[in-house]
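The figures that follow rest on heavy atoms only: side chains count, while hydrogens, waters and symmetry mates do not.
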Amino acid sequence: MPEVIFQTRSCARCTLCCRLPDIDELDKPANVNCVHCVEGFGCRTYEKRPHTCRQFQCDWLTDPALDDAWNPLDCYMMVYRQGAQRTVLVDPSLGKAWQQGHYASMLKDLARQSEAEGGYLILFAGDEVRRIRPI
């Protein structure tokens, strides 16, 4: 059944990848909308977007192991991989909620999965950077 979910996922109106990461090629700092982003729609210059944007892969779209709780529109977090590192960028509008309850549990589960695959989980929340461990 996860394959069906995986095949039907789309960005929909999510534009977190246009806001949360810094994008050197565009001189775009983290947590600021890209000048080409139309909130709730996407990139106005999609066909001419820089290499960094073309190569980006949101784990929620590409990894069927991430369930619907990881939909960026619902959890206000964006997950992606960089080699062995799995990165979570937290939308500043979430505040510190990622440290509590359901979100904290989800992050520990994701850290457990990352370590089982030989990797690790790094989280960026505003100016805070931390490695999340499963314990």
Contacts satisfying ring pair (Phe, Tyr, Trp, His ring centres under 6.0 Å) that involve residues 80-101 (not counting sequence neighbours) are F56-Y80

Which pairs count as ring pair (Phe, Tyr, Trp, His ring centres under 6.0 Å) when at least one residue sits in residues 10-52, sequence neighbours excluded?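 Listed by first then second residue: nothing to list.
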
Discussion item. Please determine whether salt bridge (charged side-chain N to carboxylate O under 4.0 Å, His left out) holds for the pair R9 and D68, giving the CA-CA distance in whole Å, both sets of side-chain angles, and the decisive distance to 0.1 Å.
Written reply: CA-CA 10 Å; R9 289 181 179 171; D68 286 340; 3.7 Å; yes

With a 4.5 Å cut-off on side-chain heavy-atom distances among I, L, V, M, F, W and Y, is there a chain of contacts connecting [X] to [Y]?
X    : Y    : value
L66  : M78  : no
L123 : Y120 : no
L94  : V88  : yes
V79  : L20  : no

Any donor-acceptor N/O pair, [X] side chain to [Y] backbone, under 3.5 Å:
X    : Y    : value
K28  : P21  : yes
W60  : M77  : no
S105 : G101 : no

request  = Begin with the C-alpha distance, continue with both residues' side-chain angles, and end with the deciding distance and a verdict on side-chain contact (heavy atoms from CB on, under 4.5 Å) for Q113 and D63.
outcome  = CA-CA 12 Å; Q113 178 188 1; D63 185 349; 3.8 Å; yes

Quick one: does [X]'s side chain get under 4.5 Å of [Y]'s, heavy atoms only?
X   : Y    : answer
C75 : M106 : yes
L16 : D91  : yes
C34 : C43  : no

Contacts of F124 meeting ring pair (Phe, Tyr, Trp, His ring centres under 6.0 Å) (sequence neighbours excluded), chain-then-number -> none

Working note: L110 + W70, criterion side-chain contact (heavy atoms from CB on, under 4.5 Å); need CA distance, chi angles, decisive distance, verdict. CA-CA 10 Å; L110 191 59; W70 284 103; 3.7 Å; yes

Taking all non-hydrogen atoms of both residues into account, name the closest pair between [X] and [Y] and its distance.
X    : Y    : answer
G40  : T15  : N-CG2, 3.7 Å
P72  : C58  : CG-SG, 4.2 Å
P134 : A111 : N-CB, 3.8 Å
D27  : P29  : O-CD, 3.5 Å

With side-chain contact (heavy atoms from CB on, under 4.5 Å) as the test, would you mind laying out the steps for V129 and I122 before giving the verdict?
CA-CA 7 Å; V129 179; I122 300 293; 4.0 Å; yes

To the nearest 0.5 Å, what is the distance between [atom1] on [X] and [atom2] on [Y]?
X    : Y    : atom1 : atom2 : value
S10  : L61  : OG    : CG    : 7.5 Å
C14  : L73  : SG    : CG    : 4.5 Å
L121 : L107 : CG    : CG    : 6.5 Å
C17  : L89  : SG    : CG    : 10.5 Å

Check against salt bridge (charged side-chain N to carboxylate O under 4.0 Å, His left out), R19 and E39: CA-CA 9 Å; R19 180 168 18 111; E39 190 74 33; 3.7 Å; yes

Next item on the list: Write out all pairs satisfying salt bridge (Lys or Arg N to Asp or Glu O under 4.0 Å) with one or both partners inside residues 44-55, taking only residues at least two apart or from two chains.
Entry: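 For residues 44-55, and leaving out neighbouring residues, there are no salt bridge (Lys or Arg N to Asp or Glu O under 4.0 Å) pairs at all.
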
Here the salt bridge (Lys or Arg N to Asp or Glu O under 4.0 Å) pairs for residues 121-135, sequence neighbours left out, are K96-E128, E115-R131, E128-R130

R112: partners by salt bridge (Lys or Arg N to Asp or Glu O under 4.0 Å), with sequence neighbours left out: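 Here the qualifying residues are D109.
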
